[in-house]
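Reviewing the structure listed below.
What you see is a predicted model; the values in this text were computed from it and never measured. Letters A, B, ... mirror the listed sequences (proteins, then strands); counts begin at 1.
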Number of protein chains: 2
Amino acid sequence: MATMQDVARRAQVSLSTVSYALSGTRPVSDATRRRIEDAMAELGFQPNAMARGLASRRSHVLALIYPAMEKGLGGTVAEFVSSAAETARENGYHLVLWPFRTTQAPEVRDLVRQGMADGVLLMEVALDDDRVDVLDEAGVPYTMIGRTRDVTDRPSVDIDFERTTDDAVQHLVDLGHRYVAFVNHSQATADDGYAPTFRAEEGFEAAMRRRGLEPVALRVDESPRAGRDAVATLLEREPRLTAFVTMNEIATFGVVAELQQRGVAIPEDMSILSIVTSPGVGEMSNPPLTTLHAPGAELGRLGVQKLLSLVDGSRPSTPNVLIPCVLEPGSSVAPAAGRAPDDDDREPVAR
Amino acid sequence: MATMQDVARRAQVSLSTVSYALSGTRPVSDATRRRIEDAMAELGFQPNAMARGLASRRSHVLALIYPAMEKGLGGTVAEFVSSAAETARENGYHLVLWPFRTTQAPEVRDLVRQGMADGVLLMEVALDDDRVDVLDEAGVPYTMIGRTRDVTDRPSVDIDFERTTDDAVQHLVDLGHRYVAFVNHSQATADDGYAPTFRAEEGFEAAMRRRGLEPVALRVDESPRAGRDAVATLLEREPRLTAFVTMNEIATFGVVAELQQRGVAIPEDMSILSIVTSPGVGEMSNPPLTTLHAPGAELGRLGVQKLLSLVDGSRPSTPNVLIPCVLEPGSSVAPAAGRAPDDDDREPVAR
DNA sequence: GCGTTTCGACGAAGCGCTTCGACGGACGAG
DNA sequence: CTCGTCCGTCGAAGCGCTTCGTCGAAACGC
């Protein structure tokens, strides 16, 4: 493999001049630059990543700490990772995968100290997450995908759960729904301090109350079986339900199956709005689900951009952002049974 | 950050002794080793990855070239990536993501020349793939996930499509099915030289013929709509069908929906066996699909292990492997209508 | 005309580690 | 007791780059 020294010899200049030509740190005359570029092309020169990293103390590597797979990552995560990797690459950075769960803060610390990464992207932050503290202490730039409990000014990008749940409720209320249930993630995720479970629940309840409606919410295990059971539980708790908002893909399929088995037509008798959904999942149901799909790709891109602005002071800094999920029409939402849509947006309290 | 020199000073030994203690390359007395270990612990020393990489010419990084997302990676890919990253980590390696499609061989070459990766894992190899040539030329160790056209002795791990399709056909034939259709990936994937499309198709047809049965196969776009249309096309071509083997997750949902709409009961009137399926996808259907699910995690692990054996001569070398998909029982497969299972395994040709 | 900038290029000192050759002392053999 | 071995340790030479200080020469001012 050709080294910079080889290029220098061939271009009849000193090693340092080649370096300056490459980095643009100091001016180089056009004639010299051209000779150097020719030499590089002829030799197929590519600067050695390790040497560059050692000398400059920047590895040009970003680490992505992602939830070590328990039960297969969903499409949203895949989309996120993919988009993050692509964005990193476009900016001359590499993305390495660090599969560490919330409890593995010490491992994160060790890896960070090895100086392999210039910055860290932290997925699936828990409300209280030791890994964040470790990164803070180590002084490594990082960006959270998600937010810890105290939404201080720690750098982050996240789904706007408040807005998303409000959009969901609004969408249904516009169609005349008054009795809406929320199928949340499981109690287990809550026990782990998984933030979306809390933020979406709070968001849903607030959105309902804000409209004078009574929220019905349930935490449901991630299984079709649990989804079926949830239908029973929720209908018992509020028989007048005309719509479900779900944030639990696997359980949603159970919900659909159970309703169909009970002879409840979707969307005529019951609307289903699946939120924070992976791409393509809506199509897998029959009828295709109306979804508010998670902006995984966008989060990946913005997360990396934010991180790069911290890593590399010369880039413009970006603010923390919250991105709402995007409505993707399907065929699982319709006006509330027996009501025309929009016929009384002013009648806040249920009959 | 503490350096090796700091450790050496604190332990009252020379820099090189610390290095030897760490790597075990040369003997170090117990007493000295202990002093060094203590010093390292007290300083929280972690060897600098760049310096180590530069001096030893090994980055301890593996690159994973994966299909740059077009339409959201499936669960299998996610599972694979995750398992590869984890296996790499367990062996002291990092996994970086290189999103490059088949046509981006030059980019791959440049990155490889930068010496950032000790080895490369190549996903979704096409039948003819320039990236493989680039890696061959560069002399970088690599392992293919999948196989190029000529299954020479290039290092690879792959799904055993022949075995998987044969298992699928066998499973159905055991239940008395004689008229079985295959819903393949799209023509577009075939045009891209996507190997599974060919290998599964050939495998299915061979498996059928081997049993004296007439294969009916169709390449279907990855959409529910296309899946619905496929049902019409295939039933027209062979009205006596009692089973579908599908290798196209999205289309499968269309197949199921269309059959149900036509009043064809699953599995009583028609069996559906979904092969090379992502984890969890079976559960998303109603009834839950019987699947032969893709061994994504296993491929990831074995792929990394194979690659490491090439990168690091001291590890035992592993042979190329083909892994069949694993049967995951659901409720979409039943004995052929009007026949008891196994009542005439000897009657090869249909009535 | 000479002193002073300015520009472009050079040399050398690291960055933190691996690894090679060498060396001193303890030890067994003769 | 002496010589040869072997074990454990040390010093130094890089790995391929970045970056700082410097310096010659061309360009400028008065």
Worksheet entry | Short N-O contact, B:Asp133 and B:Arg154, less than 4.0 angstrom | yes
Practice prompt. Round to the nearest Å and state the distance from A:Leu54 atom CG to C:dA13 atom P.
Written response: 17 Å
Practice prompt. Give the rounded distance in Å between these two atoms: CG of A:Leu43 and P of D:dC17.
Written response: 12 Å
Worksheet, complete the sentence: Taken to the nearest whole Å, CG/A:Asn48 to P/D:dT18 is 10 Å
Discussion item. Whether A:Arg52 contacts D:dT18 is assessed here as follows: a side-chain N or O lying under 4.0 Å from the phosphate OP1 or OP2. Is that the case?
Written reply: yes
Response to the item:
Taken in chain and number order and not counting sequence neighbours, the residues that satisfy side-chain hydrogen bond (donor to acceptor under 3.5 Å, both in side chains) with A:Asp191 are A:Gln187
Practice prompt. Kindly write out the residues that satisfy side-chain hydrogen bond (donor to acceptor under 3.5 Å, both in side chains) with B:Arg52, not counting sequence neighbours, or none if the list is empty.
Written response: none
Worksheet item: Rounded to the nearest Å, what distance is computed from the CD atom of residue B:Gln5 to the P atom of nucleotide C:dC17?
Response: 9 Å
Worksheet item: To the nearest angstrom, how far is B:Leu22 atom CG from C:dT19 atom C1'?
Response: 14 Å
Give me the distances for all protein-to-nucleotides 8-11 of chain D N/O pairs that come in under 3.5 Å?
residue, atom, partner, partner atom, Å
D:dT9, OP1, B:Ser29, OG, 2.8
D:dT9, OP1, B:Thr32, OG1, 2.0
D:dT9, OP2, B:Ser29, N, 2.8
D:dT9, O4, B:Arg26, NH1, 2.9
D:dC10, OP2, B:Ser14, N, 2.7
D:dC10, OP2, B:Ser14, OG, 3.3
D:dC10, OP2, B:Thr17, OG1, 2.6
D:dC10, N4, B:Arg26, NH1, 3.4
D:dG11, N7, B:Ser16, OG, 3.4
D:dG11, O6, B:Ser16, OG, 3.2

Discussion item. I'd like to check the side-chain hydrogen bond (donor to acceptor under 3.5 Å, both in side chains) partners of A:Ser23; sequence neighbours left out, ordered by chain and number.
Written reply: A:Thr25
Fill in: Atom-pair distance (CG on A:Asp118; P on C:dC15), nearest Å
18 Å
Item to complete: Please check if any side-chain donor atom of B:Ser278 sits under 3.5 Å from a side-chain acceptor atom of B:Thr76, or the reverse.
Response: yes
Discussion item. Please check this pair: side chain of B:Arg26 against backbone of B:Gly24, looking for a donor-acceptor N/O pair closer than 3.5 Å.
Written reply: no
Fill in: Set of side chain to side chain contact (heavy atoms under 4.5 Å, CB included) partners for B:Asp6, sequence neighbours left out
B:Ala2, B:Thr3, B:Arg9, B:Leu43
Discussion item. If I take atom CZ in residue A:Arg58 and atom P in nucleotide C:dG16, what distance separates them, rounded to the nearest angstrom?
Written reply: 15 Å
Practice prompt. Assign the ring pair B:Trp98 / A:His94 to parallel, tilted or perpendicular, where the plane angle (0 to 90°) is split at 30° and 60°.
Written response: tilted
Practice prompt. Kindly say if B:Ser19 contacts the phosphate of C:dT18, meaning a side-chain N or O under 4.0 Å from OP1 or OP2.
Written response: yes
Please produce a list of atom pairs where a protein N or O lies less than 3.5 Å from an N or O of nucleotides 24-28 of chain D.
none

Worksheet item: For B:Met40 and C:dG16, what is the distance between atoms CE and P respectively, to the nearest whole Å?
Response: 17 Å
Discussion item. Determine whether a donor-acceptor pair (N or O, by modelled atom type, separation under 3.5 Å) exists between the side chain of A:Asp118 and the backbone of A:Ser59.
Written reply: yes
